[in-house]
Amino acid sequence: QVRLEESGGGSVQAGRSLRLSCAVSGHDVSTCFMGWFRQAPGTEREGVAVINSDGSTMYAGSVRGRFIISRDNDRNTVYLQMNELSPEDTAMYYCAAAAFGGRWSIVPHSGAYKYWGQGTQVTVSS
């Protein structure tokens with residue numbers, strides 16, 4: 001059984017940083033592409049970043065230069081380092097894992113992923 005568990009969310013002031021973690025069990029993160037999504041109330045789920053199975057990364061324009069996605073194969077965990085946070089980053093953040101490997105040159109849509117975590121809330125105040 002595949003399980004994704006996010007952690008690291010919280011409430012911070014604008015300009016601060018947070019690091020989200022996604023611990024994965026039952027699936028090898030080094031053999032698939034992994035992504036982070038976010039969803040604010042009343043909006044659609046938005047792809048934020050992807051780390052491909054070869055380790056290359058892609059970002060949505062709204063976070064490029066501020067967020068960094070990374071992977072620790074030994075811990076089977078994916079991270080999202082979020083810097084220079086703004087109130088517009090407030091959302092529930094979800095981790096997702098694909099069933100297989102791949103190399104995306106854009107941030108893929110949610111349909112590309114098979115497994116999802118329950119989400120962790122990030123709230124940024126001005």
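Quick caveat, the model's predicted, so the values are computed rather than measured. Numbering of residues begins at 1 and proceeds along the displayed sequence.
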* **Minimal non-hydrogen separation, S17 against Q81, with atom names** => CB-NE2, 3.8 Å
* Structure fact -> Heavy atoms of G8 and L18 approach each other most closely as O-CD2, 3.8 Å
* Structure fact -> Residues pairing under side chain to side chain donor-acceptor pair (under 3.5 Å) where one sits in residues 114-126, two or more places apart or in two chains, turn out to be Q121-T123
* Asked: Is there a side-chain contact between M82 and V122 (heavy atoms, below 4.5 Å)?
  -> yes
* Can you tell me how far the CG atom of D89 sits from the CD atom of E84, to the nearest 0.5 Å? -> 10.0 Å
* Sort and list the pairs that fulfil ring pair (Phe, Tyr, Trp, His ring centres under 6.0 Å) and have at least one residue in residues 50-104, not counting sequence neighbours. => F33-W104
* To do: Consider only side-chain heavy atoms of I, L, V, M, F, W and Y, link residues closer than 4.5 Å, and tell whether L20 and I51 are in one cluster.
  => yes
* Asked: Counting only N and O atoms by type, is there a donor-acceptor contact under 3.5 Å from the side chain of D28 to the main-chain atoms of S30?
  -> yes
* For the side chain of H27 and the backbone of A98, is there at least one donor-acceptor N/O pair under 3.5 Å apart? -> yes
* Asked: Is the side chain of E6 donor-acceptor paired with the backbone N or O of C95 at a distance under 3.5 Å, no angle test?
  -> yes
* Asked: Hey, quick one: are I68 and M58 part of the same hydrophobic cluster, counting side-chain heavy atoms closer than 4.5 Å, chains of contacts allowed?
  -> no
* Asked: Do I106 and V48 sit in the same hydrophobic cluster, where Ile, Leu, Val, Met, Phe, Trp and Tyr count as joined when their side-chain heavy atoms come under 4.5 Å apart?
  -> no
* Nearest heavy-atom pair of T77 and V29: which atoms, and what distance? -> N-CG2, 4.2 Å
* Asked: If you take all heavy atoms of C32 and R71, which pair is closest and at what distance?
  -> O-NH1, 4.1 Å
* Asked: In chain order, what residues pass the side-chain hydrogen bond (donor to acceptor under 3.5 Å, both in side chains) check against E46, with sequence neighbours excluded?
  -> R38, S62
* To do: Please report the shortest heavy-atom distance between V107 and V50, naming the atom on each side.
  => CA-CG1, 4.3 Å
* **Cluster check V63, F37: I/L/V/M/F/W/Y, side chain < 4.5 angstrom** => no
* Exercise: identify the closest heavy-atom pair between T31 and S53 -> C-CB, 4.1 Å
